**Student:** 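This structure is in structure tokens; I'll ask about it shortly.
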Amino acid sequence: MSMLNNTAKTYTGTATSRVDGRAKVTGAAKYAGDFNAGGLAYGAVVEATIARGRIAQIDISAARRVPGVIDVITHENRPKVADSDEAWRDDVAPEEGSPFRPLYDDAIKFNQQPIALVVAEEWEIARYAASFVRVDYEKQPFVTDVYRKRDDAIVVEKPDRPRGDAAKAFAAAEVRHEADYFIPTEHHNPMELFATTAMWEAGGPLTVYDKTQGVRNVQQYLCSVFEKKPEEIRVLSPYVGGAFGAGLRPQYQVVLAVMAALKLQRSMRLVLTRQQMYGLGYRPATIERLALGARRDGTLDTITHEAVGVTSQFEEFSRNDTGWSALLYASPNARYEHRVAPLDVPTSCDMRAPGAATGVYALESAMDELAVALKMDPVELRLRCYSDRDQNEDLPYTSKRLRECYREGAAAFGWDKRKVEPRSMRDGKSLVGWGMASGVWEALQMPTAVRIVMTANGHAEVSCAASDIGTGTYTIMAQVAADSLGIPIENVTVHLADSTLPRAPVEGGSWMAASACHAVIATAGEVRKELLRLAKLMKGSPLADAVEEDVTLSDGKLVGRRQTERGVSISDIMRHGALERIEKEKTNEFAEDKAHARNTHSAVFAEVKVDEELGVIRVTRVVSAVAAGRVLNPKTGRSQVMGAVVGGIGMALHEETIYDHGLGRIMNANIAEYHVPVNADIHDIEVIFVDEPDALINPLGIKGLGEIGIVGVAAAVANAVYHATGVRVRDLPITLDKVLAGRQAA
Amino acid sequence: MIPFQYTRANNIADAVRLIAATSGAKFIAGGTNLLDLMKDNVERPTTLIDISRLPLTSVEETASGGLRIGALVPNSDLAWHPLIEKRYPLLASAILAGASQQLRNMASTGGNLVQRTRCAYFYDTATPCNKREPGSGCSAISGVNRGHAILGASTSCIATHPSDMCVALVALDATVHVTGPNGARAIPFADFHRLAGDTPHIDTNLGPDEIITSIEVPAKGFASNHSYLKIRDRMSYAFALISVAAALELKDGMIQEARLALGGVAHKPWRNPAAEAALRGRPADEASFAGAADLLLRDARPQAHNGFKLDLARRAIIRTLSQAAHGTPQSQSNKTIQ
Ligand SMILES: Cc1cc2nc3c(=O)[nH]c(=O)nc-3n(C[C@H](O)[C@H](O)[C@H](O)COP(=O)(O)OP(=O)(O)OC[C@H]3O[C@@H](n4cnc5c(N)ncnc54)[C@H](O)[C@@H]3O)c2cc1C
Ligand code: SF4
């Protein structure tokens, strides 16, 4: 790569252990709820127990009388906060609607809505006192079941001009498949609870440690909500124990913690309970309808994809869900439409590969059903519909190696030994099934700034407001900095997730790797320029006539790109210039390119074994072949994809937020009853990174790996369950009772 | 969680005296169930009497050839105890099918018996529940009841008992030894837990001031032909949808004696002597097993969401009995069902 030097050791692209690994495993890494301050007060949240209505009366007197209670804040006695929707609209908020404002007024909009904050000297006291808050409600009718609102859902996404006439082509198609699929509400359940520690200091700024994927977003939001100047609030989030999208928007605990800290002029800690985490955002339950029409040769004539997803009554959240179907495969006719059903629940939000995890599950299940109808191998069907152009925009891709994903994934899996007929492969009492699916996600990049401070001893400090939510951002930034500054990785320190650091977007959408690493390269370029300027001033400098393009940093030296023996060490340059440090800050710049589509792709192959009599399902093998441009760190990258595959297995077999729609309450709001896969559910996972050079997308050819790993996994598992049993379960999760019911119906 | 007093019992007599003298007091052993319920405000004891240091941690042989298991033997220790592994592998297997390693390390033998249902409404004080608040109604009957009872349910409660260990203990004809203000007594395991009836708030026949001191298993351990099969929504760390404990005594392929108990189906570990009697004297084959399953499930009635349990229970019974008959008990470490 032109922007990287040719030193013997390049970190970029090499498996590198996490630079923060030691801090994490030794407990030295501090999370939002771990920070301490003198005189810390503790909060406990009281939640609404009805789905909709208003608070007729709230009695806090008994709670206040509990010794050790400092204050009880409700909508009746809260301090003043901003009154406009704009002021409450954070960077990730939907454009439409009125963002939720905790403790704002007497309206109850969803079950588990916070209605009071008890502040006490000890957390236990706060929690105990919270049980004394008495509330009388005026209840109103509510709906929490998306099926009851399916017909009244509002259109949020629909292309202006559908491609061709999908309905007509469907009616005329030689082979047709049409079905409904369903993905239930899912909650992120990151290991770390949502927490805020707000450090109050007389005359100083309020320092807020928050669990978030974007400190800048939270900082601007808090300033806006509490009508503060930017320098009055600082937000940090040095480590995040998983978030999966739940931390993109500021959550209510940060508002309550800051509200109490400002009101009481005391440092505050508020940690939500696991149960309370179910009162936050979630992956919206989505009803998906697919209609595919094809010719007997397996070429698609028409694709229709319609979806109805859940949102709240006060904000319209949705992500591209149905558009993927029209994008991915060649089809002369395509129509898609996404609608949202406003229910009496919190606003839904991003969860790993939002929209694609759900929409592509439906698409890839439907494609499998089409392959069955055509009696065609599922990989073959996808190759017949393969497209080298984004079908929605009719643009070529910067790169697309999905064909290689199919090939390499199938080879590693042993796909050629698959028997086509369902129920035709066995292992003892189990039926064996092999299924596959494609995955697709977008490759985005955002403006991001980085500061580098280079010191004469050859160390560099790299700073950026970006968060590392466990994905490895610290590590890849250190790798790229080490390479572009020509120093060992041990000499690089990365500082992240502090709102006073150079600007970065929220960590999400898989855009952080490309954005942050190119900001590192751009800033390192400024450092190099400065070093060259100084080097030229040196007497008898071997670089006296060198120009910027000719030099690179390598092995602690500024050297000629072609003649590496022509060079000066960084410390000599700086000593000569009498400089202790060089400090540069720059924002990445990406060339505007409207002529190409940018996407990542994958092919997922899954093996399941299903006990024929008992319906018990095990996913015994998964091969995920991913084409995502250049992989910066195969070690952390592989972990990303493996974790995502586990998430996909959970989506297929386990995850479901269970509502009692009569009460409008979640009945499994804990991680004993909300099932995610445990170790015993996970067997072999093989990750293949398909070589995908991409000289168009950005200088390093990076696309991002955060989401692509989960897309398609649920469909591959569902398709494998069908292949094993002959039973098609379209409603996730695929529990054994659904498989047994399908057998009986057959 | 509400504030409570904490005291530690020094011996059994002390424990009984303390609990009788303190209204609203509860024993705490491993705390794995009680503390969760206290955090959710479901249990609100005024005083916790810590019995975890009482000398009830031994496993001893009895004169009649059985074993007496102290009420405070941790679940893990019991499962890996050499005498249990060798002579009562059914019990070891059932314990290992439950909870997680960490929980089993904390959980006690006595506490496992007295653990409360996992019905979600029972845990959620914002909903009506007759077991938590007698007379308030049963939310599960008209609500989410996929995990609920199919046998012996009442119109006031359809909850199930969640224990795995207890399913093995009822199959093994265990006895529960308890001590109260009036001295010690023994309760046959099958009589220890109650059906919900119209008093679902009372789970067991343990007196309010009684302490479990030990569990006794008789000599017969069915070590050669047994199996514990647990069907659940994930491979570990999930409560049973259905579980089956089966034990057989065979001679020339004929069943001399059979034990058959179900978990996840009723307010108590479920056992029906008629089904076992029907197996006696029959060949150990699928037809016999199916007959026993049908008998056992004759009175089963589904709730709105758990109709699948009837058929699943039948299949699971047949599978478990055949695992037992073949001497190939279900492994709890390799979760593959043979
Ligand atoms: C997440 C989770 C998953 C679980 N999964 C399973 C599972 O799959 N299968 C399974 O079987 N179990 C499971 N368990 C339950 C676990 O087995 C029980 O919580 C445990 O056995 C209780 O024992 P303990 O000593 O901790 O009881 P404690 O919590 O201390 O006490 C429970 C009750 O028993 C009473 N008590 C305790 N000892 C005595 C005594 N000697 N005499 C009289 N009363 C007594 C207490 O007063 C209290 O009412 C799970 C628990 C959790 C939290
Ligand atoms: S089944 Fe029993 S425990 Fe559950 S809600 Fe009904 S009464 Fe309560």
Side-chain angles (χ1 to χ4, degrees), chain A residues 47-50 66-67 111-112 124-125 127-128 130-132 273 275 427-430 609 611-618 620 649-650 653-654 656 658-663 665-673 675-683 733 735-741 743-744, chain B residues 1-4 36 39-41 44 99-101 103 118-121 123-128 139-140 142-147 162 229-239 241-242 244 305-316 318-320 322-323 332-338:
Chain A
E47 299 168 284
T49 55
I50 65 164
V66 174
N111 233 315
Q112 295 196 273
E124 287 79 4
I125 296 173
R127 196 165 170 173
Y128 167 54
S131 70
F132 287 103
T273 63
Q275 285 90 334
D427 175 11
K429 291 193 161 62
S430 286
K609 295 191 176 168
D611 188 286
E612 189 175 9
E613 288 156 16
L614 303 172
V616 175
I617 306 166
R618 287 176 305 137
T620 44
I649 292 172
L653 302 184
H654 306 117
E656 177 179 16
I658 299 170
Y659 283 86
D660 180 322
H661 291 304
L663 297 168
R665 275 181 84 74
I666 294 172
M667 294 320 299
N668 61 342
N670 60 73
I671 42 177
E673 303 294 341
H675 289 167
V676 297
V678 294
N679 255 324
D681 294 298
I682 302 302
H683 299 266
T735 48
L736 57 90
D737 46 324
K738 294 178 189 172
V739 174
L740 293 174
R743 273 313 296 158
Q744 265 150 13
Chain B
M1 175 137 53
I2 55 164
F4 53 85
D36 278 359
K39 288 182 198 164
D40 284 340
N41 275 324
R44 308 171 132 253
S100 67
Q101 185 66 59
L103 285 159
R118 308 304 291 201
C119 173
Y121 300 97
Y123 272 79
D124 183 355
T125 52
T127 66
S139 297
S142 57
V144 178
N145 51 35
R146 180 169 175 271
L229 178 60
K230 179 177 182 181
I231 313 286
R232 52 196 140 178
D233 280 325
R234 61 181 167 190
M235 288 296 160
S236 178
Y237 198 45
F239 291 95
L241 293 167
I242 297 282
V244 187
H305 303 140
N306 71 0
F308 73 94
K309 278 193 178 186
L310 275 70
D311 186 46
L312 182 62
R314 184 175 187 277
R315 292 161 184 254
I318 296 170
R319 178 69 65 84
T320 317
S322 71
Q323 289 177 332
Q332 302 301 348
S333 48
N334 172 3
K335 315 272 171 179
T336 308
I337 300 173
Q338 303 93 346

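Everything quoted here is computed from the prediction, not taken from an experiment.
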**Student:** For A:Leu614, which atoms come within 4.5 Å of any heavy atom of chain B: side chain, backbone, both, or neither?
**Tutor:**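 The answer is both parts of A:Leu614.
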**Student:** Quick check: closest heavy atoms across A:Gln744 and B:Arg315, and the distance to 0.1 Å?
**Tutor:**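 Answer, listing the atom of A:Gln744 first, then B:Arg315: NE2-NH2, 3.9 Å.
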**Student:** Where does A:Glu612 contact chain B at under 4.5 Å (heavy atoms): side chain, backbone, both or neither?
**Tutor:**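 For A:Glu612, the backbone is the part near chain B, not the side chain.
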**Student:** Looking at B:Arg118, B:Gln338, B:Lys309, which one has more heavy-atom pairs under 4.5 Å with chain A than the rest?
**Tutor:**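 Highest number of heavy-atom pairs under 4.5 Å: B:Gln338.
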**Student:** Using non-hydrogen atoms only, which part of B:Arg146 is less than 4.5 Å away from chain A: side chain, backbone, both, or neither?
**Tutor:**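 Side chain only.
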**Student:** Is there a side chain to side chain contact (heavy atoms under 4.5 Å, CB included) between B:Met235 and A:Ile682 once you walk through the steps?
**Tutor:** CA-CA 9 Å; B:Met235 288 296 160; A:Ile682 302 302; over 6 Å; no
**Student:** Which atoms of A:His675 come close to chain B, meaning under 4.5 Å heavy atom to heavy atom: side chain ones, backbone ones, both, or neither?
**Tutor:**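 When you check distances to chain B, atoms from both the backbone and side chain of A:His675 fall under 4.5 Å.
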**Student:** With heavy-atom distances below 4.5 Å as the criterion, would you say the side chains of B:Lys335 and A:Val616 are in contact?
**Tutor:**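 Sidechains of A:Val616 and B:Lys335: no contact.
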**Student:** Taking side chain as everything from C-beta outward and backbone as N, CA, C, O, which of these in B:Asp124 sits under 4.5 Å from a heavy atom of chain A? Side chain, backbone, both or neither.
**Tutor:**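 Only the side chain of B:Asp124 comes within 4.5 Å of chain A.
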**Student:** Closest approach of B:Leu241 and A:Leu736, non-hydrogen atoms and distance?
**Tutor:**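 Answer, listing the atom of B:Leu241 first, then A:Leu736: CD1-CD2, 4.2 Å.
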**Student:** Under a 4.5 Å heavy-atom cut-off, does chain A meet the side chain of B:Arg319, its backbone, both or neither?
**Tutor:**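 For B:Arg319, side-chain heavy atoms alone lie under 4.5 Å from chain A.
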**Student:** Does any backbone or side-chain atom of B:Ser100 lie under 4.5 Å from a heavy atom of chain A? Answer side chain, backbone, both or neither.
**Tutor:**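 Neither part; nothing is under 4.5 Å.
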**Student:** Non-hydrogen atoms of chain A under 4.5 Å away: do they reach the side chain of B:Ile242, the backbone, both or neither?
**Tutor:**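 Answer is neither: B:Ile242 stays 4.5 Å or more from chain A.
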**Student:** Which heavy-atom pair separates A:Val678 from B:Ser236 by the least distance, and what is that distance?
**Tutor:**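 The answer is CG2-O, 3.7 Å.
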**Student:** Using non-hydrogen atoms and a 4.5 Å limit, figure out which bit of A:Ile617 sits close to chain B: side chain, backbone, both or neither.
**Tutor:**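 For A:Ile617, backbone heavy atoms alone lie under 4.5 Å from chain B.
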**Student:** Go through A:Thr49, A:Leu653, A:Leu740, A:Asp737 and name the one with the most non-hydrogen pairs under 4.5 angstrom from chain B.
**Tutor:**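 Ranked by heavy-atom pairs under 4.5 Å with chain B, first place is A:Asp737.
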**Student:** Of the backbone (N, CA, C, O) and the side chain (C-beta and beyond), which part of A:Gln275 lies under 4.5 Å from a heavy atom of chain B, both, or neither?
**Tutor:**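 Looking at A:Gln275, just its side chain touches chain B.
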**Student:** Got a second to check how far B:Ile2's CD1 is from A:Arg127's CZ, nearest 0.5 Å?
**Tutor:**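 Answer rounded to 0.5 Å: 12.5 Å.
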**Student:** Does B:Phe239 form a side chain to side chain contact (heavy atoms under 4.5 Å, CB included) with A:Glu673? I'd like the steps, not just the answer.
**Tutor:** CA-CA 9 Å; B:Phe239 291 95; A:Glu673 303 294 341; 3.7 Å; yes
**Student:** Ignoring hydrogens, what is the shortest heavy-atom contact between B:Arg234 and A:Ile671? Give both atom names and the distance.
**Tutor:**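 Nearest heavy atoms, B:Arg234 then A:Ile671: NH2-O, 3.7 Å.
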**Student:** Working to the nearest 0.5 Å, report the span between CZ of A:Arg665 and OG of B:Ser139.
**Tutor:**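 Between A:Arg665 CZ and B:Ser139 OG, I get 10.5 Å after rounding to 0.5 Å.
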**Student:** Can you say whether A:Asp681 sits under 4.5 Å from chain B via the side chain, the backbone, both, or neither, judging by heavy atoms?
**Tutor:**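 Both backbone and side chain of A:Asp681 come within 4.5 Å of chain B.
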**Student:** Excluding sequence neighbours, so at least two apart, what forms ring pair (Phe, Tyr, Trp, His ring centres under 6.0 Å) with A:Tyr659?
**Tutor:**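 A:His661.
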**Student:** At a heavy-atom separation under 4.5 Å, does B:Ile318 approach chain A through its side chain, its backbone, both, or neither?
**Tutor:**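 Contact with chain A is absent: no heavy atom of B:Ile318 under 4.5 Å.
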**Student:** Using the rule given for side chain to side chain donor-acceptor pair (under 3.5 Å), can you reason through A:Asp660 versus B:Tyr121, listing the C-alpha separation, both sets of side-chain angles and the distance that settles it, and then say yes or no?
**Tutor:** CA-CA 10 Å; A:Asp660 180 322; B:Tyr121 300 97; 2.5 Å; yes
**Student:** Is B:Ile337 in contact with chain A via its backbone, its side chain, both, or neither, using a 4.5 Å heavy-atom distance?
**Tutor:**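 Looking at B:Ile337, backbone and side chain both touch chain A.
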**Student:** Is B:Asn334 close to chain A through its backbone or its side chain, or both, or neither, when contacts mean heavy atoms under 4.5 Å?
**Tutor:**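 Neither the backbone nor the side chain of B:Asn334 comes within 4.5 Å of chain A.
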**Student:** So which of A:Ile125, A:Leu663, A:Thr735, A:Asp611 has the biggest tally of heavy-atom pairs under 4.5 Å with chain B?
**Tutor:**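 Most heavy-atom pairs within the cutoff with chain B belong to A:Asp611.
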**Student:** Could you give the distance from CZ (A:Arg743) to CG (B:Asp311), rounded to the nearest 0.5 Å?
**Tutor:**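 Atom-to-atom, A:Arg743:CZ and B:Asp311:CG are 12.0 Å apart.
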